[in-house]
Visitor: 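Starting off with a structure, shown below.
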2 protein chains.
Amino acid sequence: MQNELTYPDWIAVDWGTSNLRVWAMTAEGDVLAENGSDQGMSSVAPGEFEVTLLSHIAPWLGNDHTPVIACGMVGARQGWDEAPYRAVPTTPLGDIHVVPCKDSRISMHILPGLKQEKSADVMRGEETQIAGFLSENPGYDGILCLPGTHTKWAHISAGEVVSFQTFMTGEMFDLLSRESVLRHSIGEGGGLDHEAFLGAVSDTISRPEAVATQLFKVRAVDLLFGADQAVSRARLSGILLGLELSAARPYWLGQSVSLIGASALNALYAKALSAQGVSPSMHDVASTTLQGLSAAYKDLSSRA
Amino acid sequence: MQNELTYPDWIAVDWGTSNLRVWAMTAEGDVLAENGSDQGMSSVAPGEFEVTLLSHIAPWLGNDHTPVIACGMVGARQGWDEAPYRAVPTTPLGDIHVVPCKDSRISMHILPGLKQEKSADVMRGEETQIAGFLSENPGYDGILCLPGTHTKWAHISAGEVVSFQTFMTGEMFDLLSRESVLRHSIGEGGGLDHEAFLGAVSDTISRPEAVATQLFKVRAVDLLFGADQAVSRARLSGILLGLELSAARPYWLGQSVSLIGASALNALYAKALSAQGVSPSMHDVASTTLQGLSAAYKDLSSRA
């Protein structure tokens with residue numbers, strides 16, 4: 001009997017561009033086991049998705065069908081099987097996409113992303129985090145900010161995603177701090193000077209058009225006067241986040257804002273927003289994702 | 001006698017971060033021969049600069065001292081020998097830096113870059129192009145724009161560089177078009193849609209703060225509706241150049257502007273500026289650099 005108990009009722013999968021995470025789940029939403037690797041969507045060859053997934057979950061599979069529910073870029077056109085975008089305004093979950101599998105032990109599902117046609121935008125994966133947040137905060141009316149490589153700002157009302165906008169702030173920070181001339185002043189890893197960060201956020205919000213010239217000044221100030229790497233890093237981060245906040249102003253000005261991200265990134269956004277008079281609540285992205293996948297499982301099993 | 005005639009009076013060197021170009025010159029400024037390679041400053045080990053230079057110019061050296069005059073990043077702290085920045089406002093040339101050499105056949109000089117302390121900025125190499133332009137246009141009063149990886153805008157008056165600003169537009173375009181998620185929509189090389197370019201420039205100049213969200217839309221529009229690579233490339237280019245023009249407005253609005261750059265880049269800037277009512281003149285960067293090095297040689301030989 002003890003062995004049988006370890007078989008999960010279903011398996012949750014977060015399959016993004018660069019990482020794969022899997023959880024063995026009970027019907028009640030408890031985690032029995034988890035696994036993961038860097039075999040993200042971009043490193044898996046077409047036709048190899050099922051084999052890759054099985055290599056991570058095989059020990060969890062019994063003789064019965066085990067439902068598998070996945071979110072993220074695995075549902076993109078270049079992924080395992082395209083789960084077509086659903087148009088906003090809409091609930092974050094719906095039209096779950098069934099993927100045919102060779103292995104009869106699993107029944108595979110992918111959660112579709114969302115699209116916005118009027119002011120063109122797309123998300124894949126964040127809709128599941130939004131669903132997880134709403135399952136914990138069912139009456140939420142306000143703004144969700146999901147910081148990451150491509151940060152999303154979403155307006156939530158009556159259980160629906162009304163509109164959203166994507167910002168490449170995280171990816172720009174990575175590229176500029178690692179690959180551009182600024183890398184000489186920023187170095188690898190290390191701290192972030194809070195005062196320099198807030199100063200750069202505030203300067204950029206007041207004069208967003210100056211970004212193009214402020215970026216090179218990070219290097220020039222260091223060359224002429226010397227600058228601590230933590231100060232240079234903070235200035236680059238503050239300039240880019242200031243530009244994002246400047247464009248996202250209609251989303252946060254006078255609004256109730258909740259952040260869903262990794263804790264360090266949440267803290268950075270909260271610091272910048274607090275200086276603008278906004279006090280966001282903070283939510284961990286990993287548990288929110290799992291809550292969203294669990295919400296999708298409940299939908300699925302209630303219809304079975 | 002014929003062999004003697006081929007020995008140059010001096011040697012001009014443009015030694016940037018990624019390329020090295022050398023010219024065998026007559027005292028009158030005529031080119032007898034030229035050579036070049038990708039042995040830019042960043043690929044030469046400390047202590048190997050003299051050997052690297054000699055491998056490119058050895059056939060041009062006679063028994064006498066041959067003056068060599070170089071500009072560019074070779075004079076940076078990480079280069080051959082640091083030629084300290086000169087502070088603006090100042091003439092583009094001055095305080096030529098003498099570098100001790102082991103080989104007695106050459107006497108080596110590096111032209112210093114310029115620095116601006118109040119609104120921190122630096123240039124190395126562009127000061128020589130400015131000197132070349134002024135040697136052809138001695139009474140010029142107006143704006144020089146030097147498009148490149150790091151575009152410089154400089155205010156020129158009474159033969160001096162009064163102030164300047166650097167924009168990382170070229171480097172950002174390279175990073176975003178080759179390394180970011182936008183690469184999937186932009187592809188390799190190819191054309192640039194003029195209408196999409198001018199539209200993006202104009203949109204960004206009217207709403208510079210929207211840049212942070214417009215960037216991801218280049219990808220989203222392609223995903224949702226399909227977009228030609230030449231259109232996506234034009235939109236990215238127009239967004240970034242629009243942001244630069246927005247910040248550089250005091251430099252071009254109602255001003256006389258001359259462009260010094262590679263011909264394709266000059267044409268792109270001229271197109272964007274023309275749409276703003278500015279009609280810049282265009283000057284080739286290679287010949288302007290050589291004119292600047294020639295002006296430095298004249299200064300040097302008049303003092304000898």
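Lettering follows sequence order; numbering is per chain, from 1.
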Visitor: Please test A/Val211 against B/Leu243 for side-chain contact (heavy atoms from CB on, under 4.5 Å), starting from the C-alpha separation and ending with a verdict.
Guide: CA-CA 8 Å; A/Val211 161; B/Leu243 188 65; 4.3 Å; yes

Visitor: Return the CZ to OG1 distance between A/Phe216 and B/Thr151, rounded to the nearest 0.5 Å.
Guide: 11.0 Å

Visitor: A side-chain contact here means heavy atoms from C-beta on lying under 4.5 Å apart; do A/Thr213 and B/Trp153 qualify?
Guide: no

Visitor: Just give me the residue among A/Ala248, A/Ser246, A/Ala212, A/Gly242 that pairs up with chain B most often, heavy atom to heavy atom, under 4.5 Å.
Guide: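 With the most close heavy-atom pairs to chain B, the winner is A/Ala212.
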
Visitor: If you count heavy-atom pairs within less than 4.5 Å of chain A, which of B/Ile205, B/Thr169, B/Thr17, B/Leu182 leads?
Guide: B/Leu182

Visitor: Between A/Ala120 and B/Ala220, what is the shortest heavy-atom contact and its length?
Guide: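 Taking A/Ala120 first and B/Ala220 second, the nearest heavy atoms are O-CB, 3.6 Å.
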
Visitor: Against chain B, label A/Arg77 side chain, backbone, both or neither, depending on which of its atoms sit under 4.5 Å from a heavy atom there.
Guide: side chain

Visitor: Near A/Arg86 CZ, under 6.0 Å, is it more than 12 heavy atoms from other residues, nucleotides or ligands?
Guide: yes

Visitor: Among B/Thr166, B/Val221, B/Val122, B/Thr149, who wins on heavy-atom pairs under 4.5 Å with chain A?
Guide: B/Thr166

Visitor: Between B/Ala247 and A/Ala210, which heavy-atom pair has the shortest distance, and what is it?
Guide: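 Looking at all heavy atoms of both residues, the closest pair is CB-CA, 4.2 Å.
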
Visitor: To the nearest 0.5 Å, tell me how far A/Asp121 CG sits from B/Arg219 CZ.
Guide: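 One gets 12.5 Å once the value is rounded to the nearest 0.5 Å.
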
Visitor: Carefully, step by step, assess A/Leu176 and B/Met172 under the rule side-chain contact (heavy atoms from CB on, under 4.5 Å).
Guide: CA-CA 8 Å; A/Leu176 289 170; B/Met172 284 204 284; 4.0 Å; yes

Visitor: Of the backbone (N, CA, C, O) and the side chain (C-beta and beyond), which part of A/Ser119 lies under 4.5 Å from a heavy atom of chain B, both, or neither?
Guide: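 Contact with chain B: backbone and side chain both.
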
Visitor: Roughly how far, to the nearest 0.5 Å, is CZ of B/Phe167 from CG of A/Leu215?
Guide: 10.5 Å

Visitor: Got a donor-acceptor contact below 3.5 angstrom from the A/Glu171 side chain to the B/Val181 backbone?
Guide: yes

Visitor: Using 0.5 Å steps for rounding, measure from the CG atom of A/Leu224 to the CD atom of B/Gln116.
Guide: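 Interatomic distance, A/Leu224 CG to B/Gln116 CD, rounded to 0.5 Å: 9.5 Å.
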
Visitor: Could you look at B/His184 and say if it's the side chain, the backbone, both or neither that has a heavy atom under 4.5 Å from chain A?
Guide: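 Answer is neither: B/His184 stays 4.5 Å or more from chain A.
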
Visitor: If you count heavy-atom pairs within less than 4.5 Å of chain B, which of A/Gln165, A/Glu244, A/Gln214 leads?
Guide: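 Winner by heavy-atom pair count: A/Gln165.
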
Visitor: What's the separation between atom CD in B/Glu209 and atom CG in A/Leu245, rounded to the nearest 0.5 Å?
Guide: 12.5 Å

Visitor: I need the A/Phe225 CZ to B/Lys115 NZ distance, nearest 0.5 Å.
Guide: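 The CZ atom of A/Phe225 sits 7.5 Å away from the NZ atom of B/Lys115.
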
Visitor: Heavy-atom cut-off 4.5 Å, strictly under: side chain, backbone, both or neither for B/Ser180 against chain A?
Guide: both

Visitor: Which bit of B/Leu175 comes within less than 4.5 Å of chain A, counting heavy atoms only: side chain, backbone, both or neither?
Guide: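 Both parts, heavy atoms under 4.5 Å.
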
Visitor: Given that the side chain runs from C-beta out, which part of B/Glu117 has a heavy atom under 4.5 Å from chain A: side chain, backbone, both or neither?
Guide: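 Both parts, heavy atoms under 4.5 Å.
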
